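The structure displayed is predicted, hence computed values, not measured ones. What's counted below: heavy atoms across the whole structure, side chains too, no hydrogens, waters or symmetry copies. Quick note: residue numbers are just sequence positions, from 1. In each ligand, atom 1 is the first atom listed, and ligand 1 is the first ligand listed.
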Amino acid sequence: PGWFSEISPMWPGEAHSLKVEKILFQGKSDYQNVMVFQSATYGKVLVLDGVIQLTERDECAYQEMITHLPLCSIPNPKKVLVVGGGDGGVLREVARHSSIEHIDICEIDKMVVDVSKEFFPDVAVGYDDPRVKLHIGDGVAFLKAAPEGSYDAVIVDSSDPIGPAQELFEKPFFESVAKALRPGGVVCTQAESIWLHMHIIEDIVANCRQVFKGSVNYAWTTVPTYPSGVIGFMLCSTEGPAVDFKNPVNPIDANDNQSKSVGPLKFYNKEIHSAAFCLPSFAKKVIEAK
Ligand SMILES: NCCCN[C@H]1CC[C@H](NCCCN)CC1
């Protein structure tokens with residue numbers, strides 16, 4: 001009955017709207033307002049504090065790219081940490097890699113986990129994998145406590161830098177990620193939109209260049225229901241065995257999945273992997289500035 005418009009000071013003067021058929025859940029956790037609605041054309045939609053987190057129709061683009069850009073860039077990833085990502089979609093994608101032995105996930109808001117399991121079973125299916133261990137808590141504290149060199153890869157599937165995820169965009173957090181990664185380990189973080197947030201991205205890139213002594217790259221993809229229709233990722237590696245993010249060494253193909261409960265890849269492939277690092281000139285000059 002009506003429309004949901006995503007209005008925020010983070011994207012002034014514009015708003016993406018979705019036609020609402022039915023509101024399925026509304027609640028307030030210790031951290032944020034949580035809402036689920038059935039949209040007319042994008043399936044069910046998860047909203048946190050008025051910001052669209054995922055829709056059933058296009059979540060594949062974000063979850064597959066944020067996961068396979070890092071994991072296909074290193075040989076034999078074994079231990080992975082997901083920070084945020086309480087909906088379980090990233091877990092579903094990590095579980096496709098047969099070399100994976102253990103997946104830690106640290107999500108601050110248990111309501112996101114519970115709501116995803118109830119309303120988004122094809123996303124929360126990621127929790128069914130026996131290699132997954134869920135920690136409800138603050139990712140900043142979790143990383144501080146993580147032993148040095150614990151992980152081959154860290155994926156920071158955060159919301160935006162206004163609200164609970166603020167600290168996940170700051171230098172001390174990046175330093176704790178670098179410490180928790182093995183030499184040549186990789187991190188992939190949600191890194192906003194080149195159309196909306198070039199200044200935020202500039203700061204993130206500068207911090208990453210200081211903290212990660214391997215390679216530092218920015219990639220981007222299309223997600224129609226995120227503001228400006230695109231979202232980016234920081235891909236960084238620590239000092240150690242060189243990582244060339246643009247040429248995946250550890251391919252995953254459309255039908256490579258471990259259990260029949262998750263379908264084939266809908267978005268990611270090796271061509272779109274390499275293409276994701278090609279930037280328009282206005283972004284290239286800021287991000288690749290020497
Ligand atoms: N696993 C899906 C979680 C989605 N994370 C974020 C949710 C907020 C969204 N705002 C985009 C704001 C404009 N860049 C970015 C992705």
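- The aromatic rings of F233 and Y62 sit tilted, their planes meeting at an angle between 30° and 60°.
- Looking only at side-chain heavy atoms (C-beta outward), Y218 and C236 stay at 4.5 Å or farther from each other.
- For residues 6-20, no pair satisfies salt bridge (charged side-chain N to carboxylate O under 4.0 Å, His left out), with sequence neighbours left out.
- Protein residues are said to neighbour a ligand when one of their heavy atoms lies under 4.0 Å from it; for ligand 1 these are W11, V51, I52, Q53, Y62, Q63, D87, D157, S158, D160, Q190, E192, S193, H197, Y226, P227, I231.
- Applying the ring pair (Phe, Tyr, Trp, His ring centres under 6.0 Å) criterion to W195, with sequence neighbours excluded, gives F282.
- The main-chain N or O of S228 is never found under 3.5 Å from a side-chain atom of S193 such that the two would form a donor-acceptor pair.
- K44 meets the salt bridge (Lys or Arg N to Asp or Glu O under 4.0 Å) test with E56; sequence neighbours excluded.
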